[in-house]
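The chains referred to below are lettered A, B, ... by the order of the sequence lines, with proteins before strands, and numbering in each begins at 1.
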Amino acid sequence: MSNYSAFSIFRHALSGNKNWSRAWRDPDPKPSYDVLIVGGGGHGLATAYYLAKEHDIRNVAVIEKGWLGGGNTGRNTTIVRSNYMMPGNTMFYERSMKLWENLSQDLNFNVMLSQRGQYNLCHSPGQMDAARRRGNVMRANGIDAELFDRDEVRRRLPYLDYSDNCRFPVHGAIFQSRAGTARHDAVAWGYARAADKQGVDIIQQCEVVGYLWEDGKIIGVETTKGPIRAGKVGLAVAGHTGHLASKAGLRLPIETHALQAFVSEPLKPLIDTVISFGAAHFYISQSDKGGLVMGGDLEGYNSYAQLGGLPIVEHALGSAKALIPSLSRLRLLRQWAGVMDMSMDGSPIIAKTPVEGLYLNGGWCYGGFKATPASGWCFAWTIAKDEPHEDNCEFTLNRFEHGYQIDEKGMGPQPNAH
Amino acid sequence: MTSSRLSTGGRIDRSTVLKMTFDGRSIVGHPGDTLASALLANDENVIARSFKYHRARGIYTAGVEEPNALVQLRYGARTEPNTPATTVMAYEGLEAFGQNAWPNVRLDVGVVNQLLSPFMSAGFYYKTFVGPFKGTGFWMLCEKIIRQAAGMGRGVTLDDPDTYEKVNAFCDVLVIGSGPAGLSAALAAGRAGAKVILVEQDSTLGGSLLSAPVGGDGDAWLDKMKAELTAMDNVQILTRSTVFGAYEQNVYGVIERVWDHVLAPPAHQPRQRYWQIRTKQAVMATGAIERNMVFGGNDKPGVMLASAARTYVNRFAVLPGRRVVVATNNDSAYAAALDLANAGSSVTLVDARTQVPEKLLDSLKASGVKVLLGHGVLTAKGRGGVSAATVTTISPDGRATGTARHIPCDLLAVSGGWSPVVHLWSQRGNKPVFNSAKACFVPVNSAIETMKCAGASMAADGSVVAVAQGFSAGATAAIDVKAKNSSGDAPIAPKVSHGDDWGRDLLSINTITDDNGKTRGKAFIDLQHDIKQSDIDLAYREGYVSVEHLKRYTTTGMATDQGKLSNFNALSQMAMLQGVPISDVGTTVFRPPYTPIALGAIVGREHGTHFRPTRLTPLHDWHVNNGAIVSEAGAWMRPQYYPERGEGLREAYIREASHVRKHVGMIDVSTLGKIAVQGPDSAEFLNRVYVNGWKMLPVGRLRYGVMLREDGIVMDDGATARLGEHDYFMSTTTANAAKVLALGEHLLQTAWKDLKVHLTTITDQWAVIAVAGPKSRDLLGAVSSGADLSRDALPNNHFVHGEIAGVTVRIHRMSYSGELAYEVYIPSGFGHHVWDALISAGVPYNLCPYGTEAMGALRIEKGHVAGPELDGRTTMKDLGLEGLASGKKPFVGSVLRNRPVLIHQSRPCLVGLEIEGDQGAQAGSLLYLDTGPTEGHGEGWVSSATYSPALGKNIALSLLQNGPERLGETIRVVNFVGGTRQRAKVVSPHFFDPSGVRQND
Amino acid sequence: MIEIRSPLSSSVEPGEYGAQSAAKAALQLSERAPGSLIQIAGWQDFATVTAPALGALGFDGHGNFRTVQTAGPVSCYRIAPDKLLLRHSDGGSFKELLENLNPASSPTLDLSHARWLIEIEGSEVEALLARLASLDFSLQEFPEGTFAQTGIHHVGVLLHRVSADKFLIFVPVTWAESIWNLICETAAPFGFKVIVHP
Amino acid sequence: MLRIKCPICGLRDETEFTYGADAIVRRPDMDETNPQDWLNYVFYRDDPKGPHKEYWHHVQGCRQWLVLERNTLSHEIGACRLAREVPK
């Protein structure tokens, strides 16, 4: 497989781009693997990649019911940040950020991480205090964070609504300069290509319909392409975790909800950063192609349908105009929805399950994309060593029993509130 | 008269001349024109530049599928980037500008990108720009340049001067599209008596009929249909309105462009109207979109869809070319050839098929159209625009079999078949099926019970079938909604010129190649995004074969036209490469909106002040009129402070808080949540929702209580008074009022159905004024009557009724400030009156109003927890409230609050801090051991901080690990983001009057 | 008698607003004090225990969830399975009614200060309301003398169709000004008159 | 957009309601002291892909809690009853 570089582009261009090879193979499943990862999204592919790279476990397959990267990896708002306050979250997301920062080189695939910074706007003194606490935790843990007052935000983001007409005036913002966006599809493709290079089999169009059991232990999966045995089975199927775990007899602290995203027509550069509105659940950035990428609130009810309803469209676009009034005449090009695992405390699960042979990576709520590298890294560690790494040691399944809810928003066990 | 404008014909009003400009050059048009037809009439051929290679582009279509002719419409605050010229109605004073080009679309220097095109193949950016070093620096340098080059039009940072509105509508049958099928459907449903809404995106009804020559049978038919429809009261017609989305349960989103066809909307009138239509049945008669063919130079100005060329001639009386080559693989382009020839063009028709019916050929004979069967166009030649077509004989799979020859032309009109507009049907989660005879994807009409498809969107065979299908769909829909009358007989279909039956004998060729199967030159599949056939080939080679991978890797179909032209050709190329039928490749799922919609239209009036409704207390006007600074508290506006003589926040709150401790102050606390708890089981209910006991509370008393969430975390606190035997008055925090009520109702209606309790919000019924300070009793005693406020008659946590200024009020003795304090409950409509009375009566007592900032300082001095401490993660133990919990009874959260982590010794718990030095601490600062590293999450954090006027110190409440056992310890308070490090002494949170002498006085 | 202060006292300004037409304004907006409002609640035996008291007022039972029962100045709205809202437009005290009800089985609650009324009248009343709430306001679906509880701008309200071209909107007082302002903006394209009742 | 047929108010837009929670889980009796029962009630869900029963609160209407049958995959809506009339 050819290495990607400016030189390779030049060389291939001269030969009419006729000689590029496949980015990854399309193998038939082998009868058995050491580790089988269910779910060919960013998390599953990253897990396979790090199993091979970090733990030298190469007899690995990733099976995907559709096409790789077709779940939430391909339908998010591409934001990457590490501004988490709760112990258990903070260092995990910072590990992710650090992996992101060298991911393009690591994978030899440009994932276009653009560290254009992210502003979390505050609209009350109380929000400023909460932001200060978050920023302080970040700084104390070696993560960059700055707290800006209204004037500084106004200097940096002059296009927000500072008029008397504004319903929720900006009081200030917390800013992480290393945050930004990455090209979402490239993450799946880059990990797929790199994992494939390490010998991982990526098997698309292969749906898990059940598990293979032996003595109460899971020893593989039954798929639409036949049974595949595995020493260990890892689930990385965010959005469908509840459904697939139930086939293994697990009831999880997870509900599945749909989240919409939106993109406008492409424009010349207008918004050079990522902005999160503090008066409603809304965030916006601009893609390299020029489209304004926007995310809103959950539909509010359990859903496995990748359908988005009008109330949330109104909510998100209303927030867009409230935040930046001049967006009014710009046009929405597409809306779509992804289904996500909303956990009861808003934080993920990366852990062994009570079922021997089954490992779980899920419950990502809104935050799965940014977590992709660390999620794969920590899940690979957990599978390889049969124990969590320090960075995912709080992402257990039984934390609700002992009471350490990693409730970053303080909303309690109400998934649609996180 | 402009050069390409025909002297007769067309559906334009020649009696009026509209003056417009494009890139500063004057153009003229007539009412009925689109910007595109006016540009063509004025011989403007280069309208835009493409996304990647900046290739010159002209007008390609006559509709919403336009991939090329995007303009920046209007300027200043009203500018609209990326506007297809084909969808803009001409108006006096219209100004449009070329975009994505410098200095302009005619002379764009960005065209050099074309030289780099071999290096800019699909996905090239994934393979490079990573740079030689670690990190993202090199990429971001490259990205800056890429971002400047990308994008299309420009947004502005000026506020939109126009307004928008949303309308909710209800109907029985929604008919989408007003061509022969849609009109017939509306007629059938309308006659039956159903409530019908007919929506048409164009400015006038008629659909494909509008593209036929003026004066034909279609016009007469259209007039008759319009007359009958407009006479029906139960039929509402919306033109210039696009159904952008089909949602579950038959809800449709529509944007009506109410005043977009003028320079600016009239005063008070909305620019656009967003209709949210709830219907019982829908008929989708959305027609079909013609496809182009893939060959070298198929994007040049002068290449146009055949149907569009026909539309320009017949509807707009514009001759888009004098020497025309029409290239087709189906019958429909014959009508275009005929009409162009009849309008004066010399026309050569190149048909990929070797045999066509004699009748079809006969129809062209009289017009002088030259026909070449078994031929295709291999390339379009010309600089800046088409000057010739290279034509060759071809095999049935589109490969050249002979020697190419040039046919000079200035218009190359192409028809590669048609794609039914299935978007709305698909948005409901359905996949269309491939119809190989007609080479297109069609809906499965039975898939959605409440949506019927008809006409060209079902690939119907011509207008006779379209009318029959439409009428039947409308009639069936009417029966389904139980309309009373009969639909009568279907109208006789209009006789339209031959060729509308495009599916017949179609030869499915999409691409014309040389004898090696290669396209010549740059052959585009997605015109706007510059996706060439070779990009699809590359994606295939690299394994991006699924339609979603193909779409994402190449970005085909993701431009502003959303692939309306390109999707099919991309799919068929991928099918060819994979050697499978196109049906096996599948289609991408269509997402709303069908065409791009302005954000502002969806927002309607809910922006600015009306982004969310505002909640005002009954005393709000007084605060504003008396100089209060009011600030947002959730939905409420509350007075934060009342500055005197240029005071800032800090001076004002310190003065106000000091004043309360010295004299008497009053504050509007009407925002407190208030819930009536009524019924014989009220005490039991309270006993279950509060952690403390309520069974023994006598009438006339009130009690502070704490509520937990089901998971044992503290949710809310407040006081509840027992007004009568079965009648309690609960107060909640401002923030949690709705949550507490909803939870109570939930428990009563689901788990505790046996309890006879009713909850009703009475937040709005009562204005509440807290009066606090050593002189509060004197003041209230003086101003009220009928209430004995003496220490013995009204101790703390008691209430009494009395009268102030003629108003019956209830006075609770209750303190959050630590002072002798009362809460006066007043029917809200009299709140202002009583407040005024207190202000007047307060003069001798030195009464002053205070705001939320001073209230905060007072409660911090007293160690009362509030919002910052009740952050959804703290337990009663954390807040020092666990003593309140009853051990004798279960309550909400009583089991789960005892989970091991929640009762662990080392949890951060509430303490006070006295800050060393002159500067106050900031809430959100972290706490660390006095000596030792300041890193990690620390020992705790500062939740609330203030200057304490009573103590003359800066103090704070904080949560500190193992806090209550660390009183006296000195700790470090670090505000990293503020750049401050302070030391503080850990003290009891009850800073002021810990024994409560003052409040119990 | 102290006059109840309108939550709209700084918003209601008589005059003509919005798009002007030669003809009479298509809409008339005004405010009305609710008079007396009380809620009666109950449980399973709600109907039987309250029947005598309601009968004394001239009502024949609870009615349904759509129809407004009226008897003289008193209107009765069945707002929930076991809750009624009674309005005495003259501000009458409901004294007799209250005396006839047992608070243990049918608790009552004074809500006279909790709501304010906005009245909309005119030929475009259906069109205006269609821009504010997602109900079918056609006369057929929302006949005279019926009511509905719904949301306007995220706030729960009660709408009462008094006649073909007149609606009363019961708005929680603390939201009243915000809703009033939004209604005025929404009415601007039609042109409207703000009037004050004597 | 979901449209929910409230037994009291009739067919209404979802925006008048708030979503409550899974109506399949049953709240333990008040005097239940086994933490596992409470954990199951508060945190654990079947999360079905298909037919679901769930609570909705008609907050901008009659303020009744409803039990709605709805398919989480197709969003098809079935019966809607007053919660108080649904047997435990």
Notebook entry, point to check: From C/Leu109 CG over to B/Asp727 CG, what is the distance, rounded to the nearest 0.5 angstrom?
Noted result: 7.5 Å
Item checked: When C/Leu132, C/Leu135, C/Leu37, C/Val155 are compared by non-hydrogen pairs under 4.5 Å with chain B, the top option -> C/Leu135
Note to self: Under 4.5 Å from any heavy atom of chain C, what part of B/Trp766 do you find: side chain, backbone, both or neither?
What the structure shows: neither
Note to self: Is the shortest side-chain heavy-atom distance between C/Glu185 and B/Thr163 below 4.5 Å?
What the structure shows: no
Notebook entry, point to check: chain B heavy atoms under 4.5 Å from C/Ala133: which part of the residue, side chain, backbone, both or neither?
Noted result: backbone
Check: Under 6.0 Å from the CH2 atom of B/Trp275, do we count more than 12 heavy atoms belonging to anything else shown?
Finding: yes
Check: Counting only heavy atoms not in C/Gln140, do more than 12 fall under 6.0 Å of its CD?
Finding: no
Checklist line | Closest non-hydrogen atom pair between C/Ser178 and B/Pro613, with its separation | finding: OG-CA, 3.4 Å
Margin query: Check this for me: C/Asp90, atom CG, are more than 12 non-hydrogen atoms of other residues, nucleotides or ligands nearer than 6.0 Å?
Written below: yes
Check: Distance from B/Asp764 atom CG to C/Trp175 atom CH2, nearest 0.5 Å?
Finding: 8.5 Å
Note to self: Counting only non-hydrogen atoms closer than 4.5 Å, does B/Leu755 touch chain C with its backbone (N, CA, C, O), its side chain (CB onward), both, or neither?
What the structure shows: backbone
Notebook entry, point to check: Between B/Glu606 and C/His154, do the side chains contain an N or O donor and an N or O acceptor separated by less than 3.5 Å?
Noted result: yes
Notebook entry, point to check: Above 12 or not: heavy atoms from other molecules or residues under 6.0 Å from CG of B/Asp233?
Noted result: no
Next item on the list: Return the minimal non-hydrogen interatomic distance between B/Gln678 and C/Thr108, and the atom names on each side.
Entry: NE2-O, 2.8 Å
Next item on the list: Please tell me if the side chains of B/Pro827 and C/Ser112 come closer than 4.5 Å, counting only heavy atoms from C-beta onward.
Entry: no
Item checked: When B/His726, B/Gln269, B/His610, B/Lys195 are compared by non-hydrogen pairs under 4.5 Å with chain C, the top option -> B/His610
Next item on the list: Answer whether the closest heavy-atom distance between the side chains of C/Leu111 and B/Ile762 falls below 4.5 Å.
Entry: yes
Checklist line | For the student: nearest non-hydrogen atoms of B/Arg278 and C/Ser134, plus distance | finding: NH2-CB, 3.4 Å
Margin query: Could you report the tightest heavy-atom contact between C/Trp43 and B/Gly679, atom names first, then the distance?
Written below: CH2-CA, 3.4 Å
Notebook entry, point to check: Between C/Gln39 and B/Thr760, does any side-chain donor sit less than 3.5 Å from a side-chain acceptor?
Noted result: yes
Next item on the list: For each of C/Ser105, C/Gly42, C/Pro7, tally heavy-atom pairs with chain B at distances under 4.5 Å, and name the one with the top tally.
Entry: C/Gly42
Check: If you draw a 6.0 Å radius around CD in C/Glu144, do more than 12 non-hydrogen atoms from other residues or ligands fall strictly inside?
Finding: yes
Notebook entry, point to check: Quick one: does B/Ser828's side chain have a donor or acceptor within less than 3.5 Å of a partner on C/His113's backbone?
Noted result: yes
Check: Between B/Arg612, B/Lys166, B/Arg605, which residue shows the highest count of heavy-atom pairs closer than 4.5 Å to chain C?
Finding: B/Arg605
Note to self: What's the separation between atom NE2 in C/His153 and atom CZ in B/Phe611, rounded to the nearest 0.5 Å?
What the structure shows: 9.5 Å
Next item on the list: Go through B/Val807 and C/Ile2 one step at a time and tell me if the side chain to side chain contact (heavy atoms under 4.5 Å, CB included) criterion holds.
Entry: CA-CA 8 Å; B/Val807 177; C/Ile2 303 147; 3.4 Å; yes
Margin query: I'd like to know which of B/His833, B/His620, B/Gln765 tops the heavy-atom pair count under 4.5 Å against chain C.
Written below: B/Gln765
Margin query: Need one label for B/Ala767: side chain, backbone, both or neither, based on atoms under 4.5 Å from any heavy atom in chain C.
Written below: neither
Notebook entry, point to check: Going from CD on C/Glu177 to OG1 on B/Thr614, what distance comes out if it is rounded to the nearest 0.5 angstrom?
Noted result: 8.5 Å
Margin query: Measuring from atom NE2 of B/His832 to atom CD1 of C/Ile4, what distance do you get when rounded to the nearest 0.5 angstrom?
Written below: 13.5 Å
Item checked: Distance (rounded to the nearest 0.5 Å) between B/His758 NE2 and C/Ser106 OG -> 9.5 Å
Check: Do the side chains of B/Trp636 and C/Thr174 get nearer than 4.5 Å, heavy atoms only?
Finding: yes
